[in-house]
Amino acid sequence: MILVINAGSSSIKTELFAQDRVSGDLSSIVEVRVSGIGGNSELKVAGVAKPVAASDHAAALGLILAELKVLGHGTDQLTAAAHRIVHGGTKLTQPVRVTPATIAEIEDCIPLAPLHNPNNLAAIHALSALVPDLPQYASFGTAFHASNPEVATTYAIPADARSKGMRRYGFHGFSYASMVRSLDPVPSRLLAFHLGNGASACAILEGKSVATTMGYSPVSGLTMGTRSGGLDAMAAIDLVEWYGVDEATRQLNRDSGLKALAGTNDMRRLLARSDDEARFAVDHFCYWCIRHGGSLIAALGGLDAVAFTGGIGENAEAIRNRIADGLKFAGPFDTLVVTADEERQIALDACAVMAAEARAT
Ligand code: ADP
């Protein structure tokens, strides 16, 4: 059994998978999450929530392991834990076994993802303390885009800033990797849209990412629920001058996008409204999906299929149709809808590393 762990700033989400010994297939057993860490915490299992006391990530993880034990899945049944890590920088481009060396590399990526990687590390350390003998693995949300060519990842800025790691990385890698895995055959030139609260698009050539809309951070690219999407660098500098670093950061990440244009980041509610603001926000969202989609089609040298995933991509047919309509200039293509299963992808990553370890010994 493999426990996939996704540690956020105030929550830890886990999903337990069982691997079939013969086929290697994974089946999802249960999801357990603790939210509100450090405040009004609650533990949710199988859709039922109950209040708990979780002052930090270690306490939350302890509660989750205790809950799993009550459900008949004690830690003695676990083969491994698999962590979802937001940022792997330039070095961590494959799933790995967690060792002191890989922990040091994840620490090196903290400046690139100061809001995310520390939570992931906290969960790794907490689990090491709770179950010292359990092998831990890590997958990286940036890794899928490691195949992008250098012209795509490089910002044309002075060498000193580039040497500090300022370049395009791209995100939503688990979602795109899971999409590629679920498509058989994988269309040769695939334009993939992950449209959730965060949103990005990715040019996937023969199963590999060659370009994506997010960059140094997840703020760039498409109009999102609460992130701005593309914004001139000098505009960002002015925001910092006007509002200060913290407030400007908050605005671009939490108060922009659909929320800034129409008061909510909830696409379902926007589609149900008929006022001008809501219409404009939806227009803006679709327009930038099409604009960036066109650029990614150029990176692919043409188009065979467009695939949608994420809460909007999977559920909002009207949005899918508008985007597909806007891309008609590219000629005939298939339109696909894929259910994102990022946790399963992370579990499969760990299985692949374990299989390689077993072959090596
Ligand atoms: P996150 O990125 O936080 O995981 P999701 O992938 O769940 O988010 O996507 C959330 C978005 O999906 C919200 O804007 C929500 O309104 C939208 N959404 C979910 N269901 C529908 C639906 N039936 N129609 C339109 N939008 C939907």
Side-chain angles (χ1 to χ4, degrees), residues 4-15 28 31 33 35-36 44 47 84-87 113 115-116 119-120 139 141-142 144 170-179 182 192-202 212-214 217-229 250 252-275 277-289 292 307-325 335-346:
V4 174
I5 300 176
N6 176 5
S9 57
S10 65
S11 72
I12 296 185
K13 300 178 196 165
T14 67
E15 185 168 354
S28 174
E31 289 177 47
R33 62 172 63 177
S35 56
K44 204 170 187 182
R84 173 192 180 117
I85 312 253
V86 168
H87 213 307
L115 304 176
H116 293 106
N119 303 316
N120 302 142
S139 292
T142 46
F144 186 71
F171 298 87
H172 286 147
F174 304 120
S175 172
Y176 293 125
S178 138
M179 175 186 282
S182 72
F193 284 97
H194 177 108
L195 306 179
N197 213 357
S200 71
C202 181
T212 189
T213 55
M214 285 177 171
S217 83
V219 163
S220 67
L222 308 180
T223 307
M224 299 177 224
T226 64
R227 296 192 195 114
S228 61
R250 208 184 56 74
L252 291 176
N253 284 279
R254 307 221 160 269
D255 278 343
S256 295
L258 300 173
K259 186 179 172 192
L261 298 177
T264 175
N265 57 342
D266 187 337
M267 181 58 91
R268 194 176 356 197
R269 281 170 56 192
L270 287 175
L271 289 171
R273 275 165 51 180
S274 53
D275 55 290
E277 270 195 348
R279 215 175 347 230
F280 181 76
V282 173
D283 285 351
H284 198 277
F285 184 86
C286 294
Y287 175 87
W288 285 103
C289 284
H292 282 289
F308 294 95
T309 191
I312 298 170
E314 289 168 40
N315 299 300
E317 192 184 2
I319 301 279
R320 287 200 302 270
N321 290 343
R322 282 183 62 171
I323 296 170
D325 264 1
T335 301
L336 312 164
V337 180
V338 178
T339 307
D341 195 349
E342 304 173 59
E343 271 61 34
R344 181 180 300 270
Q345 181 63 36
I346 292 157

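All values reported here derive from a predicted model rather than from experimental measurement. For ligands, and for the atoms within them, numbers begin at 1 and follow the listed sequence.
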**Prompt:** Does Ser35 use its side chain to pair, donor to acceptor, with the backbone of Ser11 at less than 3.5 Å?
**Reply:** no
**Prompt:** So do the side chains of Arg322 and Asp283 get within less than 4.5 Å of each other, counting heavy atoms only?
**Reply:** yes
**Item:** Pairing residues for Leu271 by the side-chain contact (heavy atoms from CB on, under 4.5 Å) criterion, not counting sequence neighbours
**Value:** Met267, Val282, Ala316, Ile319
**Message:** If only side-chain N and O atoms count, and only distance matters, is there a donor-acceptor pair under 3.5 Å linking His172 with Ser200?
**Reply:** yes
**Item:** Listed partners of Asp266 passing salt bridge (charged side-chain N to carboxylate O under 4.0 Å, His left out), at least two apart
**Value:** none
**Item:** Residue shell around ligand 1, heavy atom under 4.0 angstrom
**Value:** Gly196, Asn197, Gly198, Asn265, Asp266, Met267, Arg268, Leu271, Gly310, Gly311, Ile312, Asn315, Ala316
**Request:** Only pairs at least two apart or in different chains count here, so list each salt bridge (Lys or Arg N to Asp or Glu O under 4.0 Å) that has a residue in residues 335-344.
**Result:** Arg84-Glu342, Arg84-Glu343, Asp341-Arg344
